[in-house]
Amino acid sequence: MLSKAYEPQEVEKRWRRHWEEEKTFTPDMSAPGEPYSIVIPPPNVTGILHIGHALNQTLQDILCRHARQKGKKVLWIPGTDHAGIATQNVVERALAKEGKRRADLGREAFIERVWEWKKKYGGQILGQIKALGASVDWTREAFTMDDNLARAVRKVFVQLYEEGLIYKGKYIVNWCPRCHTALADDEVDHVDSQGMLWHIRYDFADGSGSVTIATTRPETMLGDTAVCVHPDDERYAGLVGKKLILPIAEREIPLIADRYVDMEFGTGCLKVTPCHDPNDWKLGHAHGLEFIQVIDDNGNMCNEEASGRFTGMSREECRKSIVEELRANGHLVKEEPLSHSVGCCYRCKTVIEPYVSTQWFVAASKMAPAARAAVPDKIRIYPDSWTKTYYNWLDNIRDWCISRQLWWGHRIPAWTCPDCGELIVSESDPDRCPKCGCTRLEQDPDVLDTWFSSALWPFSTMGWPDKQEDLRTFYPTSVLVTAFDILFFWVARMVMMGQHFMGEVPFREVYIHALVRDAQGRKMSKSLGNGIDPQDMIEKYGADSLRFTLAAFAAMGRDIRMSEERIEGYRHFINKVWNASRFALMNLPEDRAPEVVDLGTVKGLHNKWILSRLEEVKEEEDQALEGYRFNDAAQCVYKFLWNEFCDWYLELIKADMREEGEAKKEAQFVLYTVLKEILLLLHPMIPFVTAEVWDSLPGCEGTDIATQPYPEIRPQCRKEKDADEMSFVQEVISAIRTIRAELDIKPSYRLSVVLRPASEEQAALLEANRGFLELARLEKVSIDAGAHAPKASASNVVRGCEVIVLLTGAVDFQAEVARLTKEIGKVEKDLATLGAKLANPGFASRAPAELVESEKTRHADLEDKKAKMLALQKRFMEAMG
RNA sequence: GGGCGGUUAGCUCAGCUGGUAGAGUAUCGGUCUUACACACCGACUGUCAGGGGUUCGAGUCCCUUACCGCCCACCA
């Protein structure tokens, strides 16, 4: 027997172990069934599972478990990402506590140290995936630094190099002076900040006047090699080509013209520092300017010749000194505050320095068109609104800087010969220079951007390039489930690589889910400390509660505001599932499944009704999941279980269960069937509690719900007429309950009721099912259209049937008058809106005939109800005198 | 400067192809009715942001205004 309240901890632990030990989620390659596959977006090894991961994984798990139920051969591959910068930073911080820096260890020892760290902590995040109940195949767990993934990386790199799609070159890149590495464009966060715009006067060398430039970065002026204006700017007409004296440096630089300059901004006069600004870099090349570097890789002033006395200062110190000096010597014309955005490192928030260096690039601009064309024909994006964003990014893509000056990552498979300078790019480590035979080859010190290996994830995790079996069966994957924040970092790049190397897109569909925010709508982050730790929630409320909450809130294209209260609320639901099951167990045979009954020919109206509704719910859930409407799927089963199965059906069969007989046998089998199927419908969302209950059902002991098929469809159980008749009985019961509650009659007091049916049919229906009326706790029921209505009574009308409750003794008569008046008021309000609608000539002529007809019927029914209630009220008032 | 999303009950949010506004939570009243107080029965609350349009009919489609939020962009 199950315990009284559901205690998730022990149950979850057991099932987790069971699924892992039994390898339940390792697909049988020889089994039939359409393949269905997903690769998990690999969380960073440094990470701790946050609520966003929990959502991401819950949704994937729902899809996978559902697909399994539908008979598909399902593979869900788990894994983690080595997360170059992030992980290196974490380990460097740990070293710093020991007073060491990575240089103190040297490259090899440092990498060894990172691996140790990974072994120790990298498993943490996997444990959290397990805790959530994700039905991944642990035998295929992958890590982006695994040997076979490293081979994939090398092969891809070499091939792209040979095809001219990877190249090496000297460019201005985003440089983080703290992480000491280049960053890709999209690894730079733009943060709004309040800065200064300094106006500085540059005099002409011939003493014929001056121009004034405006800049936010005066420290870079030491590297200025020109000043630029717009060719059409009349203010500077005739001046282009003249020489200016660069203040402080006292160097001559030319005044040039280029259409790039915005005449509206500042003074319309731009200082050009080709080595320290990406735009100026372009101008420098276009105009053949000199390139003078004045800031080094640490963000300090360098180049004694150019920087002079400022050499060695940090960029910030230098800025201050230069401004002071300009102010002192009168070249500073104006200072004004300016809000602008500043590029920062997405990992450490340090201000990015545009920096000229030699880097490796992927010619993304050449690969983008194919990736663009894949959507929407080969890849469908849900919700569709992201398609535009995807296009927009690909249309404006620039080549992707993939080299990082880090130690942790896939080292670039390129070597240079110290003797002849030959560049060798090769899958295997070369032992000598093919050109001069030198054996002292030096490997490029850089590693690849983390996202380079991530881009190969859908096929590298399936064994490419070595093994083919998984690829043949499971590539392309069925769907990619991810949050929008990595649409660019990851999704678009996977498409490019998949197309290029597999000749096929990596996934058929992309489902973009919401971002989880806190109760105030802010992005959850460690720095804000507003995160909800899924681990805590699982311990407190159980994984099922967390999962169901996430599913219920996962409406498409919306952010989710998460709070603990909501998870607590859904824990009630899990408990409800548990207790409904306990009730069922108490009413079913203990050691065997109940006797089978033909479900198409059950007699009880309640049985016909619940079976009919069940059919509808099955279809609803299936369609909701088909369209990634997780919230609808969760909601429809939730309501069915709670508001129909528990609130009505279980109450209705209590009478059947009291004595042995046909009614009990029928109810037992229907109860058994409906409960089992509800469990199946809920299982993808709340796997643990459903597994536990299933295992304890008679006839199911020792079986695993995770391997059971989706409930069969039973068209013979669809009985809308019966279902509607049952609703009528329910409405009558509710009407009596409402009267009882509003007149403050004790629940324990048994009422007598007179029902005056509106038709022969109604009369027969009520007569046949009068036992159900017991749910309203009654003493005596008379069903008679001609019955005399007692004077001291309260009343209501349900589908034309008058419900008259006898009031004897201590009842507040005023209360009944008030209640009736209110009730009539409601009817009148409905009549008014409906009447206006019907009175509209356009409605009758243009609306569908069916609708007009049903509205007319409704109107007539309301009129009837109103008339009957007025009559009852009148009689009641007469009784009061 | 482009693009996207939001504005519905006190709070948090659902409302698919236009056809009587919904759930949870909160509040109020009543119940230990033999699965569940993590429960049961009942009640209350809405100019669906403002304005205009299309339509017989709009929370739902179109335009517009306001406020909030996000993304992208080489804003010196």
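Below, read A as the first sequence line, B as the second, and so on, with proteins coming before strands; counting in each chain starts at 1. These numbers come from a predicted model, not from an experiment.
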Legend entry - Ring geometry between A:Phe645 and A:Tyr649 (parallel below 30°, tilted from 30 to 60°, perpendicular above 60°): parallel

Inset, instruction - Take atom CZ of A:Arg217 and atom C1' of B:rA76, then tell me their distance rounded to the nearest Å. - result: 11 Å

Inset, instruction - Whole angstrom is fine here: how far is it from NZ in A:Lys829 over to C1' in B:rG46? - result: 10 Å

Write out a two-atom table: protein N or O, nucleotide N or O from nucleotides 1-4 of chain B, distance below 3.5 Å.
from: B:rC4; atom 1: OP1; to: A:Lys388; atom 2: NZ; distance (Å): 2.8

Legend entry - Nucleotide opposite B:rC48 in a Watson-Crick or G-U pair, distances under 3.5 Å: none

Legend entry - Verdict with reasoning, A:Glu651 to A:Lys654, per salt bridge (Lys or Arg N to Asp or Glu O under 4.0 Å): CA-CA 5 Å; A:Glu651 296 302 326; A:Lys654 279 179 180 171; 3.3 Å; yes

Inset, instruction - Starting from P on B:rA76, measure out to CZ on A:Arg319 and report it in whole angstrom. - result: 12 Å

Legend entry - Identity of whatever pairs with B:rA76 - Watson-Crick or G-U, under 3.5 angstrom: none

Inset, instruction - Return the 5'-most residue of the pair A:Arg777, A:Tyr570 with respect to RNA chain B, ranking by each residue's nearest nucleotide. - result: A:Tyr570

Inset, instruction - Classify the angle between the aromatic ring planes of A:Tyr570 and A:Tyr638 as parallel (below 30°), tilted (30 to 60°) or perpendicular (above 60°). - result: perpendicular

Inset, instruction - Check the pair A:Val491 / A:Ile512 against side chain to side chain contact (heavy atoms under 4.5 Å, CB included), numbers first and verdict last. - result: CA-CA 10 Å; A:Val491 179; A:Ile512 308 267; 5.6 Å; no

Inset, instruction - Name the nucleic acid region contacted by A:Gly195, choosing base, sugar-phosphate or nothing; use a 4.0 angstrom heavy-atom cut-off, strictly under. - result: nothing

Inset, instruction - Return the orientation label for the A:Trp175 and A:Tyr355 ring planes: parallel under 30°, perpendicular over 60°, tilted otherwise. - result: tilted

Inset, instruction - Report the residue (A:Asn840 or A:Ser748) whose heavy-atom-nearest nucleotide on RNA chain B is the more 5′ of the two. - result: A:Ser748

Inset, instruction - Please determine, for B:rC36, whether a Watson-Crick or G-U wobble partner exists with both distances under 3.5 Å, and give it or none. - result: none

Legend entry - Separation between the P atoms of B:rU65 and B:rG2, rounded to whole Å: 13 Å

Inset, instruction - Round to the nearest Å and state the distance from A:Leu778 atom CG to B:rU33 atom P. - result: 17 Å

Legend entry - A:Ser341 side-chain proximity, nearest of B:rA35, B:rA76, B:rC75: B:rC75

Inset, instruction - Write down the distance separating the C1' atoms in B:rU8 and B:rC13, rounded off to the nearest Å. - result: 9 Å

Legend entry - Spacing of A:Asp632 atom CG relative to B:rG15 atom C1', expressed in whole Å: 9 Å

Legend entry - Paired nucleotide for B:rU12 [Watson-Crick or G-U wobble; both distances under 3.5 Å]: B:rA23

Inset, instruction - Could you give the distance separating B:rU45 and B:rA21 at their P atoms, to the nearest angstrom? - result: 14 Å

Legend entry - Complementary nucleotide for B:rG29 - Watson-Crick or wobble, under 3.5 Å: B:rC41

Inset, instruction - Have a look at A:Val272 and say if it touches a base, only the backbone sugar-phosphate, or nothing, with a 4.0 Å heavy-atom cut-off. - result: nothing

Inset, instruction - Could you tell me whether A:Arg658 contacts a base, only the sugar-phosphate backbone, or nothing, with contacts defined as non-hydrogen atoms closer than 4.0 Å? - result: base

Inset, instruction - Can you tell me, in whole Å, how much space there is between the C1' of B:rG57 and that of B:rG18? - result: 8 Å

Legend entry - Side-chain donor-acceptor pair present, A:Tyr171, A:Asp399, cut-off under 3.5 Å: no

Legend entry - A:Arg372 to A:Tyr391 six-membered ring, cation-pi geometry met (6.0 Å, 45°): yes

Which atoms of nucleotides 19-22 of chain B (N or O only) lie under 3.5 Å from a protein N or O atom, and what are those distances?
from: B:rU20; atom 1: O2; to: A:Arg858; atom 2: NH2; distance (Å): 2.6
from: B:rU20; atom 1: N3; to: A:Arg858; atom 2: NE; distance (Å): 3.4

Legend entry - Between B:rU25 and B:rU33 - P atom distance, rounded Å: 22 Å

Legend entry - Interatomic distance at P, B:rU54 relative to B:rA14, whole Å: 31 Å

Inset, instruction - Using a strict 4.0 Å threshold on nitrogen-to-oxygen distance, state whether A:Arg750 and A:Glu779 make a salt bridge. - result: no

Inset, instruction - Report yes if some heavy atom in the side chain of A:Asp544 is under 4.5 Å from a heavy atom in the side chain of A:Tyr6; otherwise report no. - result: yes

Legend entry - Worked verdict on A:Leu679 versus A:Val577 for side chain to side chain contact (heavy atoms under 4.5 Å, CB included): CA-CA 9 Å; A:Leu679 291 173; A:Val577 173; 4.2 Å; yes

Legend entry - Pairwise P distance, B:rG22 and B:rU55 [rounded to whole Å]: 28 Å

Inset, instruction - Would you kindly give the CD-to-P distance between A:Glu568 and B:rU12, to the nearest whole Å? - result: 18 Å

Inset, instruction - Output yes when A:Lys664 and A:Glu659 qualify as a salt bridge under the 4.0 Å nitrogen-oxygen rule, no when they do not. - result: no

Inset, instruction - For B:rG15 and B:rG30, measure between their P atoms and round to the nearest Å. - result: 37 Å

Inset, instruction - Check the distance between B:rC13's P and A:Glu565's CD and give it to me in whole angstrom. - result: 12 Å

Inset, instruction - Assign a letter to each nucleotide of nucleotides 36-43 of chain B from its 5' end: B, base within under 4.0 Å of a protein heavy atom; S, sugar-phosphate only; -, no contact. - result: BSBSSSSS

Inset, instruction - Side-chain contact test, heavy atoms from C-beta onward, threshold under 4.5 Å: evaluate it for A:Met196 versus A:Arg319 and give yes or no. - result: no

Legend entry - Between C1' of B:rC70 and CG of A:Leu487, the distance in whole Å: 14 Å

Inset, instruction - Please work out if A:Leu650 contacts a base, only the sugar-phosphate, or nothing of the nucleic acid, heavy-atom cut-off 4.0 Å. - result: base

Inset, instruction - Scan A:Ser845 against the nucleic acid and name what it touches under 4.0 Å (heavy atoms): base, sugar-phosphate only, or nothing. - result: nothing

Legend entry - Close side-chain approach of A:Ile253 to A:Lys271, heavy-atom, < 4.5 Å: no

Legend entry - Partner nucleotide, any strand, of B:rA66 [Watson-Crick/G-U, under 3.5 Å]: B:rU7

Inset, instruction - Compute whether any side-chain donor of one residue and acceptor of the other, for A:Lys540 and A:Ser545, lie under 3.5 angstrom apart. - result: no

